[in-house]
Amino acid sequence: MKKGDIVYCMLLAGIVAFLTIPATNGLFLAATQKSPYLMGFAKFAVLATMGEFLAIRITARQWKAPRGAVYKAIVWGILGICIVLMFQIFPAGVAQAADKGYLWLGSGWFSSLLTAFLTSFIMNFTFGSMFMALHRITDTMIDKRCNGEKTSLKAAIDTIDWADFIKFVVGKTLPLFWIPMHTLSFLLPQGYQVLFAGFLSIALGVILAYAKRRQYKPAA
């Protein structure tokens, strides 16, 4: 284990401790309730960026900062604000659709599970797909700028391997990872959904960074 591995694990352990110790956990939940957007920005800017660092460690076998790390952290924070809002809109939308007879949610414990699953399914295949595509575009633009290239929205879009994006990110990570994980998230009390989403953002950073690096992987 390298020194960087130890530092990363200690940092992650410190975050886990802060979020689980009753006194600091209470502060975190209170701050989340009082300032959800600010906390959403901070949570995703930090944790998703940690995911990108980890993705580079896994794929390049060394610790180094992502190109344009500060700009990417800001983008993550803005996307985190969007995610906070979506976690309010989609559960309310599913409940409203069920009340009007557009969705059947069952009864008893099965109703809770089905409600969480449908919320996760609808959110991931609408907002989730768009969210990941938008992140890929902004990430590509930042990389090009950091390489000294003049770029535009069209140039970034044309650079991306959309076939691989659809096949890997949409076709595999959404049904196999994100829908099950967000189903679990929506089964938790609302205050803990934010906590759980924070840790999922580390996985999100890993998946999106790794998926992008697949595009530039040299042919064997």
Side-chain angles (χ1 to χ4, degrees), residues 1 3-58 63 65-66 68-95 109 112-113 115-117 119-120 123-124 127-128 131-132 134-135 138-139 173 177-209:
M1 180 177 288
K3 181 180 178 180
D5 299 339
I6 297 174
V7 172
Y8 189 92
C9 290
M10 290 179 63
L11 178 59
L12 185 58
I15 294 174
V16 171
F18 178 83
L19 295 176
T20 54
I21 294 172
T24 51
N25 174 260
L27 292 173
F28 173 80
L29 293 177
T32 298
Q33 184 175 10
K34 183 179 181 180
S35 305
Y37 287 137
L38 179 60
M39 291 297 291
F41 182 97
K43 177 183 62 181
F44 280 86
V46 172
L47 296 178
T49 300
M50 288 180 64
E52 292 210 35
F53 272 87
L54 183 58
I56 293 174
R57 172 66 179 89
I58 293 171
W63 290 105
V70 174
Y71 298 108
K72 291 181 179 181
I74 292 172
V75 171
W76 274 121
I78 294 171
L79 294 175
I81 291 174
C82 296
I83 291 172
V84 169
L85 181 59
M86 294 304 107
F87 264 61
Q88 298 299 316
I89 289 176
F90 281 93
V94 168
W109 68 268
S112 298
L113 178 61
T115 300
F117 171 76
T119 304
S120 177
M123 183 181 74
N124 277 289
F127 169 74
F131 160 82
M132 291 185 179
L134 177 61
H135 180 270
T138 58
D139 216 33
T173 68
F177 182 78
W178 291 112
I179 290 177
M181 288 296 100
H182 283 136
T183 297
L184 177 58
S185 177
F186 287 122
L187 286 171
L188 298 173
Q190 189 170 12
Y192 289 94
Q193 291 177 10
V194 176
L195 182 63
F196 189 66
F199 286 102
L200 284 181
S201 68
I202 295 181
L204 177 60
V206 171
I207 288 173
L208 292 183

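- Annotation: side chain of Leu79 is not in contact with side chain of Phe44 (no heavy-atom distance under 4.5 Å).
- Remark: the backbone N or O of Ile21 is paired with a side-chain donor or acceptor of Thr24 at under 3.5 angstrom.
- By the side chain to side chain contact (heavy atoms under 4.5 Å, CB included) test, Val84 pairs with Pro36, Tyr37, sequence neighbours left out.
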message: Checking Thr20 against Asn25 for the side chain to side chain contact (heavy atoms under 4.5 Å, CB included) test, could you report, in this order, the C-alpha distance in whole Å, the side-chain angles of both residues, the deciding distance, and whether it holds?
response: CA-CA 5 Å; Thr20 54; Asn25 174 260; 6.0 Å; no

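- Here the straight-line distance linking atom CZ of Phe117 with atom OG of Ser120 works out to 7.5 Å at 0.5 Å rounding.
- Between Phe87 and Phe186, the ring center distance clears the sub-6.0 Å criterion.
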- request: Check the pair Phe131 / Ile83 against side chain to side chain contact (heavy atoms under 4.5 Å, CB included), numbers first and verdict last.
  value: CA-CA 9 Å; Phe131 160 82; Ile83 291 172; 3.9 Å; yes

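- Around atom CZ of Phe177, more than 12 heavy atoms belonging to other residues, nucleotides or ligands sit under 6.0 Å away.
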Scan the side chains in residues 5-19 for donor-acceptor partners under 3.5 Å anywhere in the protein, sequence neighbours excluded, and list what turns up.
unit_1 : atom_1 : unit_2 : atom_2 : d
Asp5   : OD1    : Arg57  : NE     : 2.9
Asp5   : OD1    : Trp63  : NE1    : 2.6
Asp5   : OD2    : Lys2   : N      : 3.1
Asp5   : OD2    : Arg57  : NH2    : 3.1
Tyr8   : OH     : Met50  : O      : 2.9

field: Pair Thr49-Lys72, side chain to side chain contact (heavy atoms under 4.5 Å, CB included): steps then yes or no
entry: CA-CA 8 Å; Thr49 300; Lys72 291 181 179 181; 5.8 Å; no

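- When side chains are defined from C-beta on, Cys82 counts as touching Phe127, because their heavy atoms get closer than 4.5 Å.
- Ala73 and Ala45 get closest at one heavy-atom pair: O-CB, 3.4 Å.
- One finds the CH2 atom of Trp76 at 14.0 Å from the CD1 atom of Ile81 (value rounded to the nearest 0.5 Å).
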task: Check step by step if side chain to side chain contact (heavy atoms under 4.5 Å, CB included) holds for Thr183 and Leu113.
output: CA-CA 8 Å; Thr183 297; Leu113 178 61; 4.2 Å; yes

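- Counting only heavy atoms from C-beta outward, the side chains of Phe196 and Leu200 approach each other to under 4.5 Å.
- The aromatic rings of Trp178 and His182 lie parallel to each other, with less than 30° between the two planes, well short of the 60° mark.
- From Ile179, atom CD1 reaches atom CG of Leu184 across 14.0 Å, with rounding to the nearest 0.5 Å.
- Of the possible polar contacts, one joining the Thr32 side chain to the Phe28 backbone as a donor-acceptor pair under 3.5 Å is found.
- Taking each heavy atom of Met39 and Ala31 in turn, the nearest pair found is CG-O, 3.5 Å.
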